[in-house]
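Order of the sequence lines fixes the chain letters, A, B, ..., with proteins taken first and strands second; residue numbering starts at 1 for each chain.
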Amino acid sequence: MLNPDSVGRTFTGADVVTVTQSEIDAFADVLGESDKSVAPPTFSIRITLAQSQQLLSDPDVGLDWTRLVHGDQKFQIHRPIVAGDQLRCSSTIENYKVAAGNEIVTVRSDLHAGGQLVVSTWSTLVVRA
Amino acid sequence: MIEVGTIVETKVFWIDRDLLKAYANASGDQNAIHQDEAFAKSVGLPDVIAHGMLTMALVGKFVTDFSGGSATVKEFSGRFTKPVIVPAGEKVDLTVSATVTEVVGNDVRLDISATSAGVKVLGMAKALITMAPGR
């Protein structure tokens, strides 16, 4: 079960992730997108998924990632991600409830380049009972 | 002329196991339920399922084909209502359409429908886009 003290806390990643053109190319190729000058709109999941998983796997947080189902997803894109961006992820547990034994967690992840907010994402994750 | 009620023409994407593998590599999501049939069945799924985020990424491609490129999306959201089931050796459809619900200057809101094998796979799917010049 999630540690209730985790709700509302923000965990900032130690790593700065540098986006490469080859990562954008690979993501765009899967979708059949020929313009690779900017990343496709959902590309940021590549960064936020790994980063938030790392941050929220802290034993103090208590989220069980092995029984996790992705419930919904939202992106707010302030500008497109481009190759060379150096992004830092911070993740906040915005909401938490238990319904029929399932834990429902809403995680917001912000990607900043320097002081500039580039993308905010919200993922609702369901930990199955 | 784009106005409230304008319908964005239906497009079909085809999903197979090779695409799941390519998306796993491109996204970093190597969860076995998207590649390993025996594992997927062992956790109660009917077969290998597509990454929800692959479905959403393809819907994103549908949106940006309409709006004029990857840089046009300001907001994009959806709920994973049912999995896209991808049996071995088959190509399954992802059928996407949309309706314009709001127009403010060059900013357009879409309500999006996405189904696979006739089943709704993305609910409450919405996008806010800024139409590229000339669109």
message = Between B:M53, B:H51, B:K126, who has the most heavy-atom pairs with chain A when the cutoff is under 4.5 Å?
response =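 The residue among B:M53, B:H51, B:K126 with the greatest pair count is B:M53.
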query = Most heavy-atom pairs under 4.5 angstrom with chain A, which of B:G78, B:G28, B:A71, B:A127?
reply =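 Of B:G78, B:G28, B:A71, B:A127, B:G78 has the most heavy-atom pairs under 4.5 Å with chain A.
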inquiry  = Looking at chain B, which one of A:G32, A:S37, A:P41, A:P80 has the largest number of heavy-atom pairs inside 4.5 Å, strictly under?
reply    =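 When all of A:G32, A:S37, A:P41, A:P80 are compared, A:P41 has the most.
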inquiry  = Below 4.5 Å, heavy-atom pairs only: which of A:A39, A:A50, A:P40, A:G71 has the largest tally toward chain B?
reply    =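 Highest number of pairs under 4.5 Å: A:G71.
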request  = Check each atom of B:N25 against the heavy atoms of chain A and say whether the ones under 4.5 Å are side chain, backbone, both or neither.
outcome  =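 B:N25 touches chain A through backbone heavy atoms alone.
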message = Given heavy-atom pairs under 4.5 angstrom as the criterion, report whether the side chain, backbone, both or neither of B:T64 touches chain A.
response =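 For B:T64, the side chain is the part near chain A, not the backbone.
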query = Within residues 22-29 of chain A, which positions have a heavy-atom distance to chain B below 4.5 Å?
reply =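 Residues of residues 22-29 of chain A touching chain B at under 4.5 Å: A:A26, A:F27.
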May I ask you to test the [X]-[Y] pair for a side-chain heavy-atom distance under 4.5 Å?
{"X": "A:E33", "Y": "B:S70", "value": "yes"}
{"X": "A:I45", "Y": "B:D29", "value": "no"}
{"X": "A:Q76", "Y": "B:F76", "value": "no"}

query = What part of A:L31 lies closer than 4.5 angstrom to a heavy atom of chain B: side chain, backbone, both or neither?
reply =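 Contact with chain B: backbone and side chain both.
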Hey, could you give me the [atom1]/[atom2] distance between [X] and [Y], rounded to the nearest 0.5 Å?
{"X": "A:L49", "Y": "B:S27", "atom1": "CG", "atom2": "OG", "answer": "7.5 Å"}
{"X": "A:H78", "Y": "B:E75", "atom1": "NE2", "atom2": "CD", "answer": "9.0 Å"}
{"X": "B:L58", "Y": "A:T42", "atom1": "CG", "atom2": "OG1", "answer": "8.5 Å"}
{"X": "B:K74", "Y": "A:R79", "atom1": "NZ", "atom2": "CZ", "answer": "15.5 Å"}

request  = Provide the closest heavy-atom pair for A:H70 versus B:F80 in the form atom of the first, atom of the second, distance.
outcome  =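 In terms of heavy atoms, the two residues are closest at O-CD1, 3.4 Å.
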inquiry  = For the backbone of B:A26 and the side chain of A:R46, can you confirm whether one donor and one acceptor N or O come within less than 3.5 Å of each other?
reply    =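 Yes, the answer is positive, given that a donor and an acceptor are paired below the 3.5 Å cut-off.
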